[in-house]
Amino acid sequence: MTKEEVKGANEAEQQAQSKKALKKQQKEAEKAAKKAEKQAKLAAEQQSTEEDDFAKDRYGVSPMVQSQQKLDRVLVRIQELTPKKADQLIWVRARIHTSRAKGKQCFLVLRQQQFNVQALVAVGDCASKQMVKFAANITKESIVDVEAMVRTVDQKIESCSQQDVELHVERIFVISQAEPRLPLQLEDAVRPEGEGDEQDGRATVNQDTKLDNRVIDLRTTTSQAIFRLQSGVCQLFRDTLTNKGFVEIQTPKIISAASEGGANVFTVSYFKTSAYLAQSPQLYKQMCICADFDKVFCVGPVFRAEDSNTHRHLTEFVGLDIEMAFNYHYHEVIDSITDTMVQIFKGLRDRFQTEIQTVNKQFPSEPFKFLEPTLRLEYKEGVAMLRAAGVEMGDEDDLSTPNEKLLGRLVKEKYDTDFYVLDKYPLSVRPFYTMPDPNNPKYSNSYDMFMRGEEILSGAQRIHDAQLLTERAQHHNIDLEKIKSYIDSFRYGAPPHAGGGIGLERVTMLYLGLHNVRQTSMFPRDPKRLTP
Amino acid sequence: MPMYQVKPTSGSDIKIDLPTCMYKLPNIHAQGGSYNEHALQNGEVDPALQALEARQDEILRRLYELKAAVDGLAKTVTTPDADLDATTLSQGSTASVFTGTTDLDSLLGKDLGALRDIVINANPTRPPLSLLVLHGLLCQKYRVLSSVHVHSSVSSVPPQLLSCLGPRHADSYARHHFQLGFTLIWKDVPHVQMKFSTQKMCPIEGEASVARFLFRLLAAEPRDAAAATQVDGWIDTAVFQMAEGSAKERAAVLRALNSALGRGSWLVGQELSLADIVCASSVLQTGSASSAPPNVQRWLKCCENLGYFSCISPLLP
């Protein structure tokens, strides 16, 4: 094809096109005109309505709070909204939990932590049509300030924690707006397992999504309750031990040598050399005992480089550790620890009943049962019970996880307790620093404590004699050079002592009967998760 | 002769045709005197003497019975009221009361290395007093590891209920030193419940049934079926009509006890039995001891004097 030919063809095409284009343009112009007309109409309407909007000072988006002014306005907590406050005009700051517009009215559910209340914006004396529309369009999870009249209701509002009152909104201002698209819906995140089947189309949120968006997940009533209860565990642990005359100590987390043998430690670079993250504060607790602190405890992070992706392992968790010098028998220490646990359980039972109920709604479980004083069985008896149930195991075999669970069930069946101590473990399954039993060299003065059939504490009377410690370490083929500082700390006189440590997350999980320790760790760390 | 005479109804000279198929015997009436002499000659005892001997035996037997009854009474009568320590004496008398030998292996099955632990769940509002009495008896017979626990379903328990099994055993740190475990758990249960082997045995419900189980461990069950039935009858009366019954039923039980105790010093047989333990416990528990009829009062006194009931006195209303 020559150039001209091409040109001619193009022209012809262009002509044809221009005809089409003309038509198109015409149409578009018509469309635009219509649109403009519409818009003008709308604008006019809006103008007219805006002029009509008598309530425009009663709603809006507040300027960002930069501490411009210090108002004396009293904000009422949602949990305090009871029929006692009926017919009072109050201010509330809360999140929009849900909103539902229905003609001339809009129902909002306002939430504050685990409490929520129904609020109603209805066209009337103080609310205009525009105000209702504004309220309906506020995105979920936004924080609002609301002035409202408290009214009692005839029929209980089943979906809210404040069932006897509702708020009739007179003013509403947005303090902080949430993005319209939430990564997960709160209602989905608290839906009980199994209820959100694919058949009924209701969604549940899987664990990873929850953990990726922890900040929203933590707003759910379940999470709120879990972490309030966890704080209670810590508080009760501290209070009980302080009352018993224990001293709280802080131990270093960056250490030069692995405290328990050497496996499962994280290595970190430490200037020109390397260091380890503490696996347990054991050495330091024992050093405090040797330094005459008599009874010590500490609450702090513990690191385990175990590459196990189970429901109960974390690489970083909060350890509640106890170490105590005793007079004659290490059972004095068991009694102290078990009594502390019982006080924690009693405190939780008596002071955190609402939280327990809240968690139970999403994750139903039997209430935690325990005995006071705590049941103590001996390892031999445990083995005998397992054998009677048909398990084949040797006298000195360690308990496997399924056997632990089975033993927990057997003990529960007979004694109806979810918490017990198993005493006198075989020496061969315990670490080298465990004191051997005085009467039978095959056994040791060591104990484990179990909650709902899962081990939560492992402890023992420690060898406080450098000579015996050296022998035991050699028996276990441990390099004496590596544990020299540990052995040396017993050379200058050490009182007999025993202790143990529990994991806060595990205790919370097992007390509530949850199935994953990640639910009770605020920002869990496991082999696959380092964020958030 | 003060008696009237009757004419013979037939003449003595009647001839009877005797059949020939039968053998003949000499007329014993006609030759009475000679027959006796003949027997004596053969070295046999005169029946009169025999009768005399039988009467003597009977008297001796009744004397022995009386002696046994007096011995039984003496046990209670000679127990001091105030001066002597009742517990030391009771140990002496227990030895004589519950002498049956027992082998726990045969009663409870073979020992697998675990402590044979009897777990009893009881409601602190109604402490099972009879079981506490039986616990005391078990302790005298075996090395028993006793422990009291409070279950989380109960918020608080009065201190006397925590110490109702006596002070902690000095060796309680070594569980394998004991033959038997007695674990009392105060728990929110409608009825007393006992668990022993969760695999081989279903839980035993009710104070009466548990009491029977524990009493069997003492091997003091009456051998005789009639007595055993009587004991069972009294136990059920005590549990269903005394402890759980109305005021009317209680009064009836007290009357029945009173009349039974009028016939002997104990409810069944000549010695303290499970019937006495359970009945006395329920009378004491219902607080009807002070208003009880005289025989019941006397019997309660005897029970207390034996010392078995001292462990429950701090728990009485």
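Note on naming: letters A, B, ... go to the chains in the order of the sequence lines (proteins, then strands), and numbering restarts at 1 for each one. Small disclaimer: the values here were computed from a predicted structure and weren't measured.
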Visitor: Identify which part of B/V148 has an atom lying under 4.5 Å from any heavy atom of chain A, answering side chain, backbone, both or neither.
Guide: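 Backbone only.
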Visitor: At a heavy-atom distance under 4.5 Å, which candidate from B/D117, B/I185, B/T183 has the highest pair count against chain A?
Guide: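 Greatest number of close heavy-atom pairs with chain A: B/D117.
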Visitor: Select, from A/L377, A/N439, A/V342, A/D350, the one with the greatest count of heavy-atom pairs under 4.5 Å involving chain B.
Guide: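 Highest number of pairs under 4.5 Å: A/L377.
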Visitor: Could you list the residues that satisfy side chain to side chain contact (heavy atoms under 4.5 Å, CB included) with A/A494, not counting sequence neighbours?
Guide: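 Partners of A/A494 under the side chain to side chain contact (heavy atoms under 4.5 Å, CB included) test: A/C290, A/H464, A/F490.
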Visitor: Would you say the side-chain atoms of B/S273 and B/D276 include a donor-acceptor pair closer than 3.5 Å?
Guide: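 Yes, B/D276 and B/S273 have a side-chain donor paired with an acceptor closer than 3.5 Å.
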Visitor: Does any heavy atom of chain B fall under 4.5 Å from the side chain of A/F345, the backbone, both, or neither of them?
Guide: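 Contact with chain B: none, neither part.
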Visitor: Where does A/D423 contact chain B at under 4.5 Å (heavy atoms): side chain, backbone, both or neither?
Guide: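 Interface part for A/D423: neither.
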Visitor: May I ask you to check whether A/S458 and A/D448 show a side-chain donor-acceptor distance below 3.5 Å?
Guide: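 Yes, side-chain donor-acceptor contact under 3.5 Å.
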Visitor: I'd like to know whether B/L165 forms a side chain to side chain contact (heavy atoms under 4.5 Å, CB included) with B/S147, so could you lay out the CA-CA distance, the side-chain angles of the two residues, the decisive distance to 0.1 Å, and finally the verdict.
Guide: CA-CA 7 Å; B/L165 296 186; B/S147 47; over 6 Å; no
Visitor: Which one wins on heavy-atom pair count under 4.5 Å against chain B: A/R376, A/K424, A/K346?
Guide: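 Between A/R376, A/K424, A/K346, the count favours A/R376.
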Visitor: Who among A/E378, A/H331, A/R349 has the most heavy-atom pairs with chain B under 4.5 Å?
Guide: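 Between A/E378, A/H331, A/R349, the count favours A/E378.
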Visitor: Where does A/I334 contact chain B at under 4.5 Å (heavy atoms): side chain, backbone, both or neither?
Guide: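 Neither the backbone nor the side chain of A/I334 comes within 4.5 Å of chain B.
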Visitor: Less than 4.0 Å between a side-chain N and a carboxylate O, is that true for A/K380 and A/D395?
Guide: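 Not counted as a salt bridge, because no side-chain N and carboxylate O are separated by less than 4.0 Å.
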Visitor: Can you check whether B/R143's main-chain N or O pairs, donor with acceptor, with B/Q179's side chain at less than 3.5 Å?
Guide: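 Pair found, side chain donor or acceptor close to backbone of B/R143.
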